[in-house]
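This report refers to the structure that appears directly beneath it.
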Amino acid sequence: MTQKHSSWTRRAFLKASCAAGAASAVSLKNFPAFASDEAVVVPTRPFGKTGIEVPILGFGTSLHVAFSQLLLKQAVKWGVTYWDTANTYMGGNSEKAIGKYFAKYPEDRKKVFLVTKSHAWTTRGLTRDLNLSLERMQTDYIDLYFTHGVWSVDELDAKTKRWAQNAKAEGKIRFFGFSTHSNMEECLLGAAGLGWIDGIMMTYNYRLMHSDDMRRAVDACFKAGIGLTAMKTQGGGQVRTDTATELELAGRFLQKGFTDGQAKLKAVWQNPQIASSCSEMPNMTLLMSNVAAALDKTELTARDIQLLRKYARETHSDYCAGCSDICESAVATEVPIGDVMRYLMYARSYGNHQKAGERFQKIPQKIREQMIHIDYTPAEQKCPRKIAIGRRIRTAIKELS
Ligand code: SF4
């Protein structure tokens with residue numbers, strides 16, 4: 001695997017997870033099983049050319065061992081059988097929670113499309129991490145194995161390809177791919193030309209999905225038979241009710257019986273090229289809310305989409321699009337600007353201060369100390385969203401240190 005940047009910029013310190021799920025309101029009308037014995041199963045789609053059907057709603061699992069078992073059982077019952085985790089989530093406890101579940105319900109292993117990830121940037125590291133994941137999750141194989149937080153497909157070289165082929169031949173993984181929340185469009189386009197990537201999970205939501213670059217990249221992957229999973233589908237936090245657009249948006253969706261969070265999921269699902277979406281669902285309320293959205297057959301209208309796009313435009317500068325190549329190349333010192341923006345989003349938009357702080361602390365101390373002294377003006381001038389990068393970096397240092 002090519003070490004394009006120094007080891008830390010390979011994102012060895014990253015433990016990013018899926019976007020938080022939809023907002024907490026639940027449309028009970030979508031749960032006929034509550035009133036009858038009718039089965040509730042989330043719809044499925046083909047995952048690229050793998051021949052596998054996956055549910056449109058994937059379970060982003062940052063789980064506690066003790067509190068997760070009922071959630072996982074219910075997820076299987078409702079057909080939320082695409083489980084995404086990583087060897088680093090919850091310090092390894094997320095994989096252990098899944099292992100505990102499979103030990104208790106071994107018959108469910110075959111029902112689940114199991115995805116995990118490694119930050120390793122050497123093949124030796126990948127082997128070590130894969131074996132540990134297998135052991136923790138008490139399984140002989142991973143359905144889809146990701147290298148985590150890819151920044152450029154240059155990181156995926158011939159050695160990685162050979163490693164993936166060998167792991168498949170050994171039966172330890174069925175498919176191989178990567179996750180990305182930086183420079184997603186370039187990563188997708190590059191992957192479409194490689195010919196050996198089976199699946200990709202990327203930041204994708206109502207804010208990003210309409211750009212020409214993203215459309216082209218998704219289309220190229222779809223045509224190349226790469227299964228696509230959207231993460232960070234909420235594109236920041238809940239819609240507020242401060243402006244006329246926000247009020248209209250929230251009111252409009254509530255009238256239809258769903259929340260803005262559920263609407264954001266629907267916006268993603270309306271692109272049939274997206275096989276699944278990965279939502280972090282740490283409790284039953286969110287699981288129910290997202291399952292309700294997946295079962296609800298109501299499509300967003302052109303006006304709904306138009307309103308979401310208007311809202312996205314009006315809050316353009318609140319949301320970092322992950323195009324880190326642009327801002328990070330504008331400052332002389334290597335600073336993971338895009339990552340810091342994302343950690344701030346975890347804290348401020350999703351209220352997950354613990355996760356944000358943990359991620360931030362993984363940035364090497366030397367770099368954290370340098371961050372405060374850097375002039376971010378050139379990066380701000382280049383940022384297409386005109387984000388106040390310097391101010392946000394100072395906020396992150398203050399709030400996440
Ligand atoms: S700060 Fe601006 S340039 Fe940097 S990743 Fe975010 S949106 Fe892109």
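A quick note: this is a predicted structure, and the numbers were derived from the prediction, not measured. Counting starts at 1 for both ligands and their atoms, following the listed order. Numbers here simply count residues along the sequence, with the first being 1.
- Around CZ of R303, the count of heavy atoms belonging to other residues, nucleotides or ligands within 6.0 Å exceeds 12.
- Partners of K168 under the side chain to side chain donor-acceptor pair (under 3.5 Å) rule, at least two apart in sequence or in another chain, are D198.
- Counting only protein N, O or S atoms, the number found under 2.8 Å from atom 6 (Fe) of ligand 1 is 1.
- Applying the salt bridge (charged side-chain N to carboxylate O under 4.0 Å, His left out) test to every pair with at least one member in residues 389-401, sequence neighbours left out, gives these pairs: R348-E399.
- Residue pairs satisfying the salt bridge (charged side-chain N to carboxylate O under 4.0 Å, His left out) criterion with at least one member in residues 374-387, sequence neighbours excluded, are absent.
- Heavy-atom distances between P384 and ligand 1 reach below 4.0 Å in at least one pair.
- Side chain to side chain, K172 and N166 fail the donor-acceptor criterion of an N or O pair below 3.5 Å.
- None of D213, D212, D219 except one satisfies the salt bridge (charged side-chain N to carboxylate O under 4.0 Å, His left out) rule with R216; the exception is D213.
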